[in-house]
Every structure is written in C-alpha cells, then in structure tokens.
Visitor: 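One structure follows; several queries about it will come next.
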Number of protein chains: 4
Amino acid sequence: MNTFGRIFKVSIFGESHGTAVGICIDGCPPGIPLEIKDFEIDLKRRQGGLQKGSTPRKEDDVPEILSGLFNGYTTGAPLTIIINNKNVRSSDYSELKKTPRPGHADFVASVKYKGYQDYRGGGHFSGRLTACLVMAGVVAKKIISQKFTLVKFQAKVMEVGGNTNIEDAVSEAINKNDSVGSKIECNISGLPAGLGEPFFDSVESLISHAVFSIPAIKGIEFGSGFSSASMYGSMHNDAIINKEGVTSTNNAGGINGGLTNGNDIIFRVAVKPASSTPHKQKSINLESGMIEEIQVGGRHDLVIGLRVPPVLECVSAMVIADLLLLESLL
Amino acid sequence: MNTFGRIFKVSIFGESHGTAVGICIDGCPPGIPLEIKDFEIDLKRRQGGLQKGSTPRKEDDVPEILSGLFNGYTTGAPLTIIINNKNVRSSDYSELKKTPRPGHADFVASVKYKGYQDYRGGGHFSGRLTACLVMAGVVAKKIISQKFTLVKFQAKVMEVGGNTNIEDAVSEAINKNDSVGSKIECNISGLPAGLGEPFFDSVESLISHAVFSIPAIKGIEFGSGFSSASMYGSMHNDAIINKEGVTSTNNAGGINGGLTNGNDIIFRVAVKPASSTPHKQKSINLESGMIEEIQVGGRHDLVIGLRVPPVLECVSAMVIADLLLLESLL
Amino acid sequence: MNTFGRIFKVSIFGESHGTAVGICIDGCPPGIPLEIKDFEIDLKRRQGGLQKGSTPRKEDDVPEILSGLFNGYTTGAPLTIIINNKNVRSSDYSELKKTPRPGHADFVASVKYKGYQDYRGGGHFSGRLTACLVMAGVVAKKIISQKFTLVKFQAKVMEVGGNTNIEDAVSEAINKNDSVGSKIECNISGLPAGLGEPFFDSVESLISHAVFSIPAIKGIEFGSGFSSASMYGSMHNDAIINKEGVTSTNNAGGINGGLTNGNDIIFRVAVKPASSTPHKQKSINLESGMIEEIQVGGRHDLVIGLRVPPVLECVSAMVIADLLLLESLL
Amino acid sequence: MNTFGRIFKVSIFGESHGTAVGICIDGCPPGIPLEIKDFEIDLKRRQGGLQKGSTPRKEDDVPEILSGLFNGYTTGAPLTIIINNKNVRSSDYSELKKTPRPGHADFVASVKYKGYQDYRGGGHFSGRLTACLVMAGVVAKKIISQKFTLVKFQAKVMEVGGNTNIEDAVSEAINKNDSVGSKIECNISGLPAGLGEPFFDSVESLISHAVFSIPAIKGIEFGSGFSSASMYGSMHNDAIINKEGVTSTNNAGGINGGLTNGNDIIFRVAVKPASSTPHKQKSINLESGMIEEIQVGGRHDLVIGLRVPPVLECVSAMVIADLLLLESLL
C-alpha cells in the first residue's frame with residue numbers, strides 16, 4: 001500500500017513532524033556508486049525557496065543512509081535512507097482535529113485512521129514526503145545511467161494560473177495572496193522500445209500510478225492527451241519512418257499499446273492550487289456541528305507547482321528503473 | 001504484470017484470434033450469487049453494434065465459468081471465466097509483421113515479444129480483451145452491492161470529436177470515413193470516506209492505473225482536473241458543510257489526500273481515435289526498409305469511445321471492490 | 001493467495017468435479033517451444049495407476065492451451081492451460097457436508113467458505129489440482145532448459161511406511177487395506193550459486209512455500225536437516241574445496257545463508273498417509289451433534305507418496321525458474 | 001524479496017556493522033498501543049547471554065520508532081523501527097573476502113552481490129537481523145491481542161545435540177568448544193478455524209516461508225511430521241469430536257487442507273550448529289586457489305538454538321496477524 005514497484009520496490013514512511021521521513025528500497029542492484037552529494041541538486045530543486053511563490057525554508061534536507069551502502073557502493077541489500085526532521089513547530093495543530101481544513105486530508109485521515117492519525121503538519125500526508133520520492137528517484141536515475149547513459153528526465157512548468165508567462169502569474173498570486181494551480185510537462189528521452197505491458201501494467205498505468213502519489217496532482221495526459229479526444233485517426237496516428245520505430249509526430253507520447261515505442265515519453269500534469277491558501281475559508285466544526293470561518297497559518301507555498309518538476313522526474317525514474325530491471329536490461 | 005488488485009486480484013489472458021479470452025479472479029468472497037445472465041447487459045453495451053459508428057458484430061459474447069462457482073454462488077476459490085472465440089478471420093494478418101500499422105501495437109509487440117507475438121487481430125493487445133475487464137467489473141459490482149446497495153458507477157460519452165452533440169459528430173466521422181476521438185465522464189456515487197492510501201495507492205493512482213489498462217485512453221482528470229491548473233486555492237477548495245464530510249462543491253472529484261471523502265468520485269478520460277482508420281497511411285516496411293502506403297482492412301469502429309462507458313464503470317468497480325475488501329468493509 | 005512467484009507467476013484454479021482445473025502463468029518469456037506432448041510424461045507419472053497402491057484411473061489428463069501460445073511457441077503473453085474434467089461422479093458427496101471426514105478439508109473448507117464451498121470430491125482442495133502444479137512445472141523446466149541445459153530435478157520415494165523396501169511396504173498397505181505415509185527425496189543439480197535472498201525469500205523459504213502447497217506434505221528438511229540438530233559445527237560445516245564453491249560434503253543441502261551455493265539442492269519431505277483410508281472412522285455429525293462411524297467410499301490411493309515425485313520436481317522447477325528470471329539469468 | 005506479508009507487510013533492512021538494523025511495517029492498523037518497553041522481554045530473550053552456551057553481549061538492543069506512532073498509538077501509517085548499532089568491531093573482516101568461512105554466507109554473498117556485499121560481521125546475512133524479526137513479531141502479537149486475547153505463541157528448546165537434557169548438552173558443547181545443533185518446538189493456541197489457503201498460501205507454506213527466514217534452520221515439520229511418513233491413515237487421521245472441530249489427537253498439527261482447524265498449531269524445527277565453531281577448518285583461498293586452515297574469531301554462540309524460541313514465536317505471529325487481517329478478523 002505504501003510500496004511501489006515490482007523489482008525496484010520503494011517503501012515510503014514518515015510524518016511531517018515525526019522523527020524522520022524516509023524510504024526503504026528493496027531490489028536496488030549492487031555496485032551502484034552513491035553518496036549524499038548525489039541527492040543535493042534534486043532535493044534543492046524540490047525545496048524551492050529561491051523562487052518567488054515558494055516557501056523560504058531554512059531547513060536543509062540532508063539524507064542519512066542507514067543500510068545497503070558499503071564503501072561508497074550499493075550492496076544489493078535493502079537501501080534505507082532517511083531525512084531527520086529538525087525544524088518542526090507542532091504547537092498549533094490540535095485545532096485541525098476539530099475543524100478540518102477545506103481541500104486538505106484532515107477529514108479523510110481522521111476517518112481512515114479512526115482518529116489516531118498524526119495530524120501535525122499533515123502527518124504522513126504531508127508534501128514533505130515528496131522529498132522521499134526525490135531520494136528514490138535519484139537512486140533510480142543512478143541505476144539507469146549505468147547502462148542507459150542517454151536516458152533523460154526533464155520536467156518544466158508550462159503554465160501558472162493558466163498563464164504561460166510564469167513570472168507574471170507568480171507575481172499575481174503573490175499580489176492576490178492566494179495559492180494558484182499550474183501545469184507541468186515531463187519528457188523522458190533515450191528509452192528503448194518494448195517496456196511495459198499490454199493491460200494492467202501499461203506504461204501509462206504505471207506512470208500515472210506513480211504520478212498521482214504526488215499530492216495536488218489532479219490530471220495527467222500522454223502525448224496529445226485530451227486534444228486527441230477531438231482528433232481524427234488519420235491525423236493522430238504517428239507515421240513510423242524507420243526500422244528503429246522513430247515516428248514523424250508524437251501524438252502517442254511515446255507509448256503504443258501500453259508499451260514504450262522508442263520515441264520520447266511526453267506527459268503533462270495538472271497541479272491544483274495548494275489547499276493552504278492564506279484566504280479565510282469556511283468549514284465545519286466537527287464538535288459543535290457549526291460552520292466556522294478558519295484561516296490556515298504557518299509557512300506555505302502559493303505556487304507549489306514550482307517545486308513539482310524534480311518530483312515528477314523522480315517518480316518517472318522509479319517507474320523506468322523498475323521496467324528496465326523487469327526486462328533484464330540493467 | 002497482467003494482474004491487478006491486492007485482495008480482489010484479477011488476471012487477464014487471451015488473444016483476439018486464439019482459443020479464448022478470459023479472467024481468473026483470486027480473492028472473490030464466497031456466497032455471491034452469480035449467473036451468466038448477470039454479464040449480459042454490460043457485455044452488450046460494450047459490444048456496440050446498434051450505435052452508428054461502432055462495429056456491427058455478429059458474434060455473441062457468452063461467458064463460460066470454469067471454476068469458483070457452485071450451485072449459483074461463488075465458492076471463495078478462484079473464479080475463472082472465459083469467452084470462447086468463434087467468429088475469427090485470421091487469414092490476412094501476416095502482412096502486419098512486415099509493415100507495422102501506425103498507432104497500433106504491431107511494432108512494440110514485436111520488440112517486446114521478440115517476434116513471437118500472436119499478431120492476428122492484435123493478439124493479446126486486442127480491444128477484445130476489454131470484454132474481460134467488463135466481466136471482472138460485473139463480478140466486482142455484485143460483490144459491492146452485497147453491502148453497499150447505493151454505490152453506483154455511471155459513465156457517459158461527453159464529446160465526440162470535440163463536439164457535445166454526439167449524434168452529429170458520429171455522422172461526421174462516418175461521412176469522413178475516419179476514426180475519431182471522444183471524451184467520457186465517469187461518476188461513482190455512494191462510497192464511504194477513507195478508502196485509499198496517502199501515497200502510492202492513492203485512489204487517483206489506483207483508478208488511473210486501472211483506466212489506462214483500457215486501450216486508446218490517453219488522459220484522465222479528477223474533479224476540476226486540468227481546469228484546476230488555472231484556479232486559485234480560495235476558489236478550488238471545497239467547503240465541508242456537515243459532519244459527514246459533504247462538500248458544497250466537488251472540485252476535488254471526491255478525493256482528498258488520495259482518499260475518498262464521501263462525495264462522488266468524478267473523473268473524465270480522453271479516448272484517442274482508433275488506430276484502425278480506413279484512411280490510407282504511411283509506414284515502414286521492416287524488411288525492405290522502404291516507406292509504404294498501407295490501408296487497414298477488417299471490421300473496425302470509427303467511434304470506439306461509444307463502447308468505452310461500460311468498460312470504464314467496470315474497471316472502476318474492480319478498484320472499489322478491492323479497496324472495500326482491504327478495509328474489511330465487505 | 002492462489003498465486004505463486006514474482007516474475008514467473010502461477011495462478012491455480014479449478015475444482016475436482018467442476019468444469020476444469022487449470023493454471024494461468026504470467027511472466028512466461030516468449031519463444032519457448034511448447035506442445036501438448038511436453039506434458040505427457042510428468043502427467044502420466046503423477047497419475048500413477050500402473051503402480052500397486054495407486055488408483056487405476058481411466059481418465060486421461062489432456063491439457064488444452066487457451067492462450068499465450070502461437071505457432072508452437074510461447075508468445076510472452078499470459079499462458080493459460082486447462083484440463084477439462086470428464087470422468088466425474090458427484091452423486092454421493094452431499095453427505096460430507098453433514099459429517100466431515102477426519103483428516104480431510106471438509107470441516108475447515110466449510111468454515112472458510114461459509115458453507116458455499118464446492119464439496120464434491122474435495123472441490124478446490126482436491127489432489128487433482130496437483131496436475132496443475134505439474135503443468136506449471138513442465139513449462140518452468142522448458143524455460144530453464146533454454147539456457148541451463150544441465151539443470152535436473154529428480155525426486156524418488158525413499159521410504160513407504162518407514163520401510164526402504166518400497167515394494168514390500170506397498171504390499172503390506174494393500175494387505176491391511178489402509179493408506180500409508182512415505183518419505184520422498186528431491187535433488188536439484190546444475191544450478192548456479194547466488195540464487196535467493198538472505199531473509200524472507202531464502203531458497204529454503206521459497207521451496208518449502210511451494211512444497212507445502214502439495215496436499216499431504218507435513219515436513220521438509222534440507223541437506224542433513226533434522227539430523228543436523230544432533231551435530232557439531234566442526235562436523236556439519238561443508239569445506240569449500242575449489243573456487244567454484246564445490247564442497248566436500250553437502251550437509252547444507254546446497255544452500256548457505258538462504259542462497260544456492262552451486263552444489264546440489266537436496267531436500268526430503270514427509271508425506272502423511274492419505275486421509276481417505278478405507279477403514280471405518282469416527283466423526284461428528286454437525287447436524288445431530290452425535291459421533292458417527294463413517295467409511296470413505298470412492299476411488300482412492302493407498303500410497304499417495306508414489307505419485308508425489310513428479311509434483312515435487314515440478315514445484316521445485318517453478319521456484320527455480322522464478323529465481324533465475326529474477327536474477328536476469330534467463 | 002526482503003518483504004513478507006500481504007496486509008501486514010514487513011520489510012527488513014540493515015547490516016550487522018552498519019548504522020542500524022530495522023523494519024518498516026506497512027499495514028499495521030491504527031490504534032494499537034505501543035511503547036519501547038513492549039519490545040524488552042522478547043529482545044532480551046533473543047539476546048541470550050545469561051544462558052550458558054550463548055554469547056555474553058554487552059550491547060543493549062534499544063528500538064527507536066521513526067514513524068507511524070503518535071501519542072502512544074500506532075497511526076495506521078507505515079511503522080518504522082530501528083536499532084542503532086553501537087558495539088561494532090569491524091577491524092578484522094577483510095580476510096573473509098579472500099577465504100570464505102565454511103557454512104557461512106561469505107561465498108554466496110560474494111557471488112550474488114558481485115563483490116559489493118558488506119562483509120563485516122555477516123552484513124545483511126547476520127543473525128543480528130533476527131532482532132528485526134522479533135520487533136515485527138512483538139507488533140504482530142499486540143495487534144492480535146486486541147481481539148484474540150487467548151492466542152498464545154510458545155516455543156521451547158526440545159533437544160540440544162540430540163539430547164533432551166538441555167543443561168548437560170550445553171555443558172558438553174562448552175567442553176568440546178564446538179557449536180552444536182538443536183530442536184525447537186512451537187505451539188500456537190487459541191486460533192480460529194479457516195485461516196489460510198488450499199494451495200500456494202497454505203498455513204504450512206506461510207509459516208515455513210517465515211521460519212526459513214531465520215538463519216540456521218534446516219527443517220520443519222507440522223504435527224506428527226516426519227513420523228507420519230511411517231504411519232497408517234487409520235492411525236493418523238484425527239477424529240473430530242465436537243461441532244467446533246476439536247480433535248481427539250493432533251497429528252495434523254492444527255492444519256487440514258492448508259487451513260487452521262481450530263486446534264493448536266504445532267511445529268518443530270531443526271537448528272543446525274552455528275557455522276562459527278571455534279574449531280579450525282579448511283577452506284579455499286579464492287586468490288591463491290590453495291586450501292588453507294582458518295579459525296573463526298570474534299564473539300559467537302555455541303548453542304544458537306537457545307536464542308531461537310522468541311524468534312520462532314515472532315515470525316509465527318507475523319504470519320498469524322497477516323492471516324487474521326486478510327480474513328477481516330482484526
């Protein structure tokens with residue numbers, strides 16, 4: 001349930017204000033060089049802080065490797081990596097149990113976990129756990145790069161608030177003091193054809209499964225995606241122009257019949273605005289049964305989409321590493 | 001790989017022009033009344049044939065239950081259901097090995113299966129296997145209805161070729177003699193809150209995983225979906241208006257933090273135009289290395305989207321049955 | 001639950017007196033030559049009938065391949081194989097619901113399946129399903145033999161009723177008209193070192209998991225097994241005598257630290273006497289609550305152990321095929 | 001591969017001389033009271049040290065809970081528990097790479113992990129990881145006890161070196177300065193009937209799978225086990241004497257047809273002598289190719305069986321918790 005992958009299996013754990021967040025990876029091959037420095041760039045990108053519209057965090061996310069590494073190389077045994085939580089302020093969360101924040105997991109977590117959930121800072125539902133997804137993806141990328149040196153994962157923000165001029169849209173959100181949604185595109189290049197399965201484990205199935213693990217994502221489309229709903233077949237079909245399967249167009253987003261076709265995988269996701277808007281909102285007080293006006297305090301991002309690209313790349317890398325291992329290509 | 005679910009586990013098998021297609025369900029509870037007649041309506045809806053734009057098939061899909069049923073009730077042991085293939089015309093498929101059809105799985109299947117794939121009628125990649133998804137979903141719905149009598153799965157075609165006037169759009173496709181895409185919406189009502197997991201098995205992850213098993217689907221969005229990318233948080237958050245978690249709007253599509261929130265799950269999918277357009281197309285001859293013009297023969301749908309609604313309902317039911325069983329609610 | 005394996009995944013289904021018994025194998029590589037004739041020898045060996053002490057069955061077990069085979073080779077898509085049940089006599093089983101046979105699954109099946117179990121001939125619990133294990137193993141052996149031509153699985157009966165003179169012991173059971181237990185040894189030779197996992201998926205864990213799927217098996221020991229409980233370390237440790245890891249003795253049964261060490265895997269199993277003894281026995285009448293004397297009718301084996309060797313070889317082959325695939329060696 | 005269970009899923013990680021050993025449990029229900037003190041008794045029992053024949057360790061195993069616990073109760077999110085390694089002496093292990101110790105995993109680990117294994121103190125193969133099995137079992141027992149207050153797991157040493165007088169046998173091993181094997185029996189009482197599956201997940205399959213995760217175990221038998229190989233059916237069958245399924249004898253060891261029958265589960269295991277005997281032994285020097293005489297130094301147990309009982313109880317509890325959760329009984 002909190003594990004993903006069949007050969008490269010990632011388990012995720014931890015709470016926003018608990019001792020640590022982390023991952024345990026089962027199925028990481030031996031002999032992959034790995035050091036703390038490898039995680040730096042992607043974890044920094046995820047943290048945001050320099051970008052307008054994202055939270056200026058003071059905390060450094062420094063991974064600690066508990067198992068599976070020896071003399072600078074993965075051993076092949078389970079690889080456990082944690083980030084200790086340091087900069088934690090938990091004083092003011094008890095209120096959430098009473099009046100669940102709109103758009104948050106407060107209400108559903110209470111139902112699922114029967115009131116025992118760690119509600120501080122979102123607990124296990126916190127966006128902080130995307131740091132774990134990043135760590136898993138960094139390992140996945142290192143594994144892939146051993147044999148597939150040309151595989152690249154590149155995600156970028158396409159729109160903020162419906163606007164392709166990202167800077168302006170961010171400024172507008174700051175002016176309105178309101179969180180705002182965004183659209184991100186991810187491109188995976190350099191892959192071999194034939195990865196995936198025809199039905200339950202189509203590449204679209206696997207990538208979307210992984211991508212919807214990222215909080216706030218509410219839509220995904222591959223290739224021409226929702227546009228293809230308006231297209232004719234004679235336009236949509238990508239002509240194959242050589243024996244390697246290269247196509248003249250890429251409406252399929254690099255996937256036919258659930259399998260990679262050797263062209264770039266391209267997908268776009270919709271990131272909804274963060275639930276934690278500074279605006280006042282209405283919600284139910286579960287004790288009194290009365291509607292109340294609440295305001296979410298604390299440090300929050302107005303444009304969380306700015307922090308999504310490295311996470312998107314990393315969950316994609318988890319999927320691809322697993323598929324390559326399944327086909328005995330790594 | 002060809003299995004989906006954790007408690008209610010469905011394995012899918014078969015080829016378009018082989019002996020049979022079918023499913024084996026492990027984890028079906030005992031005591032569910034089941035008869036062949038139960039499959040009739042949804043299998044008919046999937047077959048199309050009466051609708052303009054879908055294939056007039058002469059073949060009746062009659063399921064046969066090989067195991068797991070006794071005296072009209074499921075026994076709790078694995079439930080195996082097949083449909084024997086009768087109306088098979090395989091004479092003219094050998095050509096596909098040489099010149100892969102654009103948009104089809106011909107090329108990728110050959111890579112993945114090293115030339116050993118059953119290429120007749122799409123083999124294991126055939127849309128015919130969606131009859132198996134329907135059968136699995138029919139069983140899932142019967143299980144769910146034992147205790148959750150109000151749960152409903154309802155999908156409908158929203159657009160064909162970008163047009164909300166479905167009849168006209170279908171006529172236009174027929175006039176143009178070209179396949180065309182469509183958009184389908186699915187609504188799941190009557191669910192309890194708290195199903196799903198925060199990360200890898202979010203309800204969005206599970207539904208999208210199942211949905212992308214359906215051939216030709218290239219996008220999915222939950223609630224306000226891609227529109228939410230343009231929205232502000234103060235507008236997007238759904239206000240909770242009573243203790244049961246009912247919300248005044250449903251931008252979340254019934255899912256917060258990866259868990260059902262008790263409101264309707266709503267999602268839309270993009271169905272690309274069928275690869276099998278009657279139009280002439282260009283492709284590579286893998287033997288000669290030359291670009292050729294090909295034309296796909298045989299019986300094919302111009303608007304496959306018309307047949308997708310029951311399949312969408314059924315894969316959703318598979319996911320929901322599994323989630324309810326996992327939470328010990330069935 | 002009714003599925004075994006991680007890459008080479010076998011699902012088993014069917015009832016003794018239902019339509020068919022069978023398997024669905026997900027993860028069978030493409031390009032394995034396979035024909036009905038391949039199953040003949042092992043299915044015959046399992047049937048017994050020529051041996052004294054085993055049932056003279058008139059039924060031929062002829063497998064039918066429903067999917068995953070094309071032009072004589074596996075396609076890589078799920079491989080489904082069934083045996084239709086023909087020689088079925090179900091008239092006289094209703095009594096079992098009332099008075100469960102000692103040593104049989106009658107009572108526990110009724111509890112687990114809440115009275116909905118197919119009780120005819122043992123239903124899904126029937127020894128008849130070992131034909132499915134044999135079919136899965138035959139496929140596994142064919143896969144293994146593609147690259148590991150020297151791997152061999154050889155099981156033989158070591159003792160019947162505690163007697164190493166098998167013929168005499170069988171005659172004695174026939175004279176006493178009573179079922180009797182036996183001990184079987186299985187040897188797997190030609191394996192590479194390094195298969196398996198240190199903890200939960202040790203080779204002993206996997207083989208014993210598979211072996212205890214065979215009805216009537218109540219014990220397993222590897223190498224010197226239970227004798228090692230009486231031994232000193234200086235005697236038990238197998239000295240490594242060359243760089244390939246060959247050992248001078250084989251007390252470890254070919255497995256160190258849960259991994260194959262390159263020497264023969266050797267294990268022995270205890271087969272209890274068949275529950276279906278012709279002797280009169282006492283059991284509870286669940287309706288009246290009274291103890292009754294019952295006698296099990298029908299066709300039954302007195303020495304079921306005689307039929308176990310091919311099944312033991314075949315479940316071992318399932319495990320080994322999966323391990324070799326997991327290590328990308330096939 | 002390093003994960004066990006379907007609902008109550010335990011992942012194990014860590015190395016003997018690494019940073020920590022630990023477990024991550026996915027599927028632990030919310031609301032289970034848990035504190036560090038709960039682990040004390042079983043971890044102490046596992047450590048041995050007071051018993052003659054087991055190592056006098058100075059290190060205290062103090063678990064630290066990284067996630068999944070809040071205000072003294074499990075939250076339902078993944079529960080991660082580690083034990084930091086403190087008392088580590090790694091200086092003298094490099095020699096093992098050259099000359100693998102007989103009976104140890106040195107040679108096979110090197111093959112499997114291609115030379116990248118952490119060879120210090122056995123690395124991930126170390127018996128130290130049984131502390132993780134104990135921690136998982138303690139949690140499992142707490143979960144079970146919420147609803148099944150009468151379920152008990154009780155293991156005891158039956159024989160050491162073939163002698164039922166345990167004290168004497170331990171003294172003899174000390175006198176001989178040699179490691180020695182033993183036989184342990186485990187009894188699980190208070191279980192409901194109907195747990196398990198007929199084939200691949202028979203209770204014998206699951207328990208043996210878990211039990212063979214414990215290093216040094218080379219055999220297991222249920223009920224009359226290997227003795228049943230010498231018995232007649234009329235003697236072996238356990239007569240059912242009341243409607244609850246109580247039997248007059250327990251040759252089946254509480255399991256019929258792979259399912260619990262409501263009587264005590266009884267099984268015995270063979271523990272081989274520890275590979276680390278102080279005696280001089282011969283092995284191959286992998287560099288020179290010459291046979292050498294080696295002596296294993298360090299702190300080692302002569303009678304490791306003395307420490308096995310709590311581990312056996314704990315892995316059994318893992319299996320039973322999973323089975324009860326699967327049947328929605330917890």
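We use all heavy atoms of the structure for the numbers below, so side chains are in, but hydrogens, waters and symmetry mates are not.
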Visitor: For D/D178, is it the side chain, the backbone, both, or neither that has a heavy atom closer than 4.5 Å to a heavy atom of chain C?
Guide: both

Visitor: Checking side-chain contact (heavy atoms from CB on, under 4.5 Å) between D/F226 and each of C/E221, C/K218, C/K272, which is the one that passes?
Guide: C/E221

Visitor: Select one option (side chain, backbone, both, neither) describing which atoms of C/M318 are under 4.5 Å from chain D's heavy atoms.
Guide: side chain

Visitor: Any side-chain heavy-atom pair from D/V203 and C/F212 closer than 4.5 angstrom?
Guide: no

Visitor: Can you find a side-chain donor-acceptor pair between D/H209 and C/D201 that sits under 3.5 Å?
Guide: yes

Visitor: Using a 4.5 angstrom heavy-atom cutoff, name the option from C/G258, C/A210, C/A252, C/A274 with the most pairs to chain D.
Guide: C/A252

Visitor: By a 4.5 Å heavy-atom criterion (distance strictly below it), what part of D/E172 contacts chain C: side chain, backbone, both, or neither?
Guide: both

Visitor: If you count heavy-atom pairs within less than 4.5 Å of chain D, which of C/F222, C/Y232, C/F4 leads?
Guide: C/Y232

Visitor: Under 4.5 Å from any heavy atom of chain C, what part of D/L195 do you find: side chain, backbone, both or neither?
Guide: neither

Visitor: Between C/S283, C/A109, C/A105, which has the largest tally of heavy atom pairs under 4.5 Å with chain D?
Guide: C/S283

Visitor: Checking heavy atoms, do the side chain of C/A216, its backbone, both or neither come under 4.5 Å from chain D?
Guide: neither

Visitor: With respect to chain D, which residue among C/S205, C/S230, C/G219 yields the maximal number of heavy-atom pairs within a distance under 4.5 Å?
Guide: C/S205

Visitor: What part of D/I12 gets closer than 4.5 Å to chain C, counting heavy atoms only: side chain, backbone, both or neither?
Guide: both

Visitor: Let me know if C/T247 has heavy atoms under 4.5 Å from chain D in its side chain, its backbone, both or neither.
Guide: neither

Visitor: Most heavy-atom pairs under 4.5 angstrom with chain C, which of D/S202, D/S11, D/G103, D/G233?
Guide: D/G233

Visitor: Test side chain to side chain contact (heavy atoms under 4.5 Å, CB included) on D/T277 and C/N237; report intermediate values, then the result.
Guide: CA-CA 9 Å; D/T277 172; C/N237 283 343; 3.8 Å; yes

Visitor: Excluding sequence neighbours, so at least two apart, what forms salt bridge (Lys or Arg N to Asp or Glu O under 4.0 Å) with C/E327?
Guide: D/K112

Visitor: Answer with side chain, backbone, both or neither: which region of C/V269 has an atom nearer than 4.5 Å to a non-hydrogen atom of chain D?
Guide: backbone

Visitor: Picking from D/D238, D/V111, D/N256, D/V10, which has the most non-hydrogen pairs under 4.5 angstrom with chain C?
Guide: D/N256

Visitor: What part of C/N2 gets within 4.5 angstrom of chain D, counting heavy atoms only: side chain, backbone, both, or neither?
Guide: both

Visitor: Below 4.5 Å from any heavy atom of chain C, which atoms of D/S275 appear? Answer side chain, backbone, both or neither.
Guide: both

Visitor: Is there a side-chain contact between D/F107 and C/I240, using heavy atoms and a 4.5 Å cut-off?
Guide: yes

Visitor: Given heavy-atom pairs under 4.5 angstrom as the criterion, report whether the side chain, backbone, both or neither of D/Q281 touches chain C.
Guide: side chain

Visitor: Side chain, backbone, both or neither: which part of C/I220 has a non-hydrogen atom closer than 4.5 Å to chain D?
Guide: both

Visitor: So what's closer than 4.5 Å to chain C heavy atoms on D/Y113: side chain, backbone, both or neither?
Guide: side chain

Visitor: What closest approach, in Å, do C/I284 and D/I241 show between heavy atoms, and which atom pair accounts for it?
Guide: CD1-O, 3.7 Å

Visitor: Under a 4.5 Å heavy-atom cut-off, does chain C meet the side chain of D/E244, its backbone, both or neither?
Guide: backbone

Visitor: So for C/T249, is it side chain, backbone, both, or neither that comes closer than 4.5 Å to the heavy atoms of chain D?
Guide: neither

Visitor: With only heavy atoms counted, which part of C/I255 is less than 4.5 Å from chain D, the side chain, the backbone, both or neither?
Guide: both

Visitor: Considering only heavy atoms and a distance below 4.5 Å, find which of C/K243, C/R6, C/H124 pairs most often with chain D.
Guide: C/K243

Visitor: Between chain C and each of D/H236, D/M1, D/H104, count heavy-atom pairs under 4.5 Å; write down the option with the most.
Guide: D/M1

Visitor: Tell me, for C/S227 versus chain D, whether the close heavy atoms (under 4.5 Å) come from the side chain, the backbone, both or neither.
Guide: neither

Visitor: Taking every heavy-atom pair that is under 4.5 Å apart, which of C/K280, C/K176, C/K282 has the most such pairs with chain D?
Guide: C/K176

